[in-house]
Number of protein chains: 2
Amino acid sequence: MSDESRGPRRRLSRNAVLAAALSLADRAGSAGLTMRALAQDLGVVPMALYKHVADKDELIDGIVDIVWSEVEAPVATADPSVWRPAMRARATSLRQALRRHPWAVGLMETRMHPGPANLAQHDAMMGCLRRAGFSFRATVHVTSVLDAYVYGFTLQEKSLPFASAEESGEVAQRKLDTQPAELATTFPYLIEVVSELATAGYDYDAEFNTGLDLILEAVEAHPWE
Amino acid sequence: MSDESRGPRRRLSRNAVLAAALSLADRAGSAGLTMRALAQDLGVVPMALYKHVADKDELIDGIVDIVWSEVEAPVATADPSVWRPAMRARATSLRQALRRHPWAVGLMETRMHPGPANLAQHDAMMGCLRRAGFSFRATVHVTSVLDAYVYGFTLQEKSLPFASAEESGEVAQRKLDTQPAELATTFPYLIEVVSELATAGYDYDAEFNTGLDLILEAVEAHPWE
DNA sequence: ACCTGAACACCGTTCAAGT
DNA sequence: ACCTGAACACCGTTCAAGT
């Protein structure tokens with residue numbers, strides 16, 4: 001399956017281990033990312049990995065930071081009209097990175113040891129806001145609320161009953177057809193909203209942008225001290 | 001340690017298993033929640049659990065729904081002045097539930113099978129917004145952005161480098177003192193903001209409320225179709 | 001310096017058996 | 001109907017040994 005399994009490659013390296021781990025996580029999810037499976041992908045015995053990585057925790061820190069490195073960094077400039085589009089682009093880029101690596105969603109912000117790419121990303125974000133004229137305190141508020149939104153949205157994206165992937169309408173409708181009477185009486189409002197979405201359809205990108213623009217609008221309008 | 005270990009209680013029940021599992025997760029975290037440890041807490045052999053719960057996944061679904069049941073449900077009313085405080089109270093209540101059960105943060109919205117308490121909670125939320133006059137579409141937008149915010153914020157709360165728990169100032173300052181020269185030149189903006197927070201202090205509740213009010217203000221001001 | 005083999009202390013879960 | 005014991009196929013990781 002993996003690229004590494006073709007030739008009888010020897011000589012591992014930390015980067016090779018991390019790259020294979022990222023690929024394995026993308027293919028098999030966080031539950032499938034085991035030291036043993038990773039070793040097999042690399043055509044090596046499990047213990048060989050421990051020469052390049054302290055333990056599994058450090059391995060995960062490593063691949064999480066690779067995901068961070070894929071997020072487009074906003075540029076810092078004194079032009080007061082650029083922070084909004086820059087923040088919008090960064091939020092979109094972060095969401096896309098999290099969609100490419102779904103296993104990372106529950107892991108990115110939970111990690112205790114932020115890597116260099118993570119630090120660089122947040123440095124760029126703070127720089128962009130600071131140079132646009134935001135105060136220290138406001139910079140933290142804006143970073144906090146934007147990151148929280150992107151994380152939380154992507155987290156929900158994987159599981160909301162009325163919006164699982166493309167076929168949101170179908171899925172919701174099928175759910176309604178299964179036990180219509182019972183659910184309809186117990187959760188009238190929920191069913192009503194889900195039914196509406198089932199007929200009208202549900203677009204995740206549009207939903208994400210609506211919330212994002214709502215927040216950016218609020219940030220711009222807010223009288224920061 | 002557990003309440004169950006005192007008497008030689010026999011006769012398990014599904015609720016007893018779920019209650020013990022919740023308590024174990026609160027004490028030992030998601031990594032410490034194992035079927036074997038849970039069985040030991042209950043003074044029973046691991047296999048005994050499988051009579052009351054299909055597998056570990058269903059167990060987790062069960063305790064996640066208990067957490068949902070702890071979240072204060074907003075009431076539905078036609079009074080247009082109540083949705084805002086109701087939404088604010090619900091967001092605060094959700095955040096507090098997630099803080100009481102930190103293991104749940106990365107799990108709540110990822111679960112594929114929402115339980116009755118989860119459905120009831122969202123039914124109440126939709127009802128509150130619908131009766132306040134929000135359209136179907138707007139109801140989904142508001143639910144989405146509020147849930148995303150609370151989730152994302154609580155997720156960050158556990159790991160942001162400049163805000164780990166109470167002693168945010170100390171921790172940040174110590175981090176700065178460790179490698180001052182190197183970090184300061186590579187991540188100037190980040191260090192600048194962190195230093196500022198280290199001296200001024202960082203209050204998580206205040207931070208949460210600032211973002212929450214920003215979003216609620218934006219929701220109220222937005223011209224929903 | 002880097003990789004291996006065997007082993008240890010764990011997992012979730014099945015299956016046949018006890019009461 | 002409910003609980004047990006032994007077993008299976010997994011984990012991450014240590015330790016002593018190979019090259």
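Just so we're on the same page: letters track the sequence lines, and every chain starts at 1.
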Parallel, tilted or perpendicular: ring planes of B:Tyr204 versus B:Phe153, cut at 30 and 60 degrees: perpendicular
Between C1' of D:dA1 and CZ of B:Arg14, the distance in whole Å: 18 Å
Spacing between B:Lys51 atom NZ and C:dC15 atom P, to the nearest angstrom: 13 Å
Partner set under side chain to side chain donor-acceptor pair (under 3.5 Å) for B:Asp26, not counting sequence neighbours: B:His101, B:Trp103
Selection residues 28-37 of chain B - residue pairs positive for side chain to side chain donor-acceptor pair (under 3.5 Å), sequence neighbours left out: none
Sequence neighbours left out, cut at 3.5 Å: what donor-acceptor pairs do the side chains of residues 12-20 of chain B make with other protein atoms?
from	atom 1	to	atom 2	distance (Å)
B:Ser13	OG	B:Ala16	N	3.1
B:Arg14	NE	B:His52	O	3.4
B:Arg14	NH2	B:Glu58	OE2	2.6

Which residues share a side chain to side chain donor-acceptor pair (under 3.5 Å) with A:Arg130, sequence neighbours left out: none
Write down the protein N/O and nucleotide N/O pairs, taken from nucleotides 6-12 of chain C, whose separation is under 3.5 Å; answer none if there are no such pairs.
from	atom 1	to	atom 2	distance (Å)
C:dG12	OP1	B:Met35	N	3.0
C:dG12	OP1	B:Lys56	NZ	3.2
C:dG12	OP2	B:Met35	N	3.0
C:dG12	OP2	B:Arg36	N	3.4
C:dG12	N7	B:Arg36	NH1	2.4
C:dG12	O6	B:Arg36	NH1	3.0

Set of side-chain contact (heavy atoms from CB on, under 4.5 Å) partners for B:Val75, sequence neighbours left out: none
Short side-chain N/O contact to C:dC2 OP1/OP2 from A:His52, under 4.0 Å: no
Side chain to side chain donor-acceptor pair (under 3.5 Å) partners for A:Asp61, two or more places apart: A:Arg111
Nucleotide D:dT13, atom C1' - distance to CG of A:Leu38 in whole Å: 15 Å
Secondary structure string for DNA chain C (Watson-Crick or G-U under 3.5 angstrom, | for other-strand pairs): ||.|||||...|||||.||
Pairs flagged by salt bridge (Lys or Arg N to Asp or Glu O under 4.0 Å) wherever residues 64-73 of chain A is involved - sequence neighbours left out: A:Glu70-A:Arg100
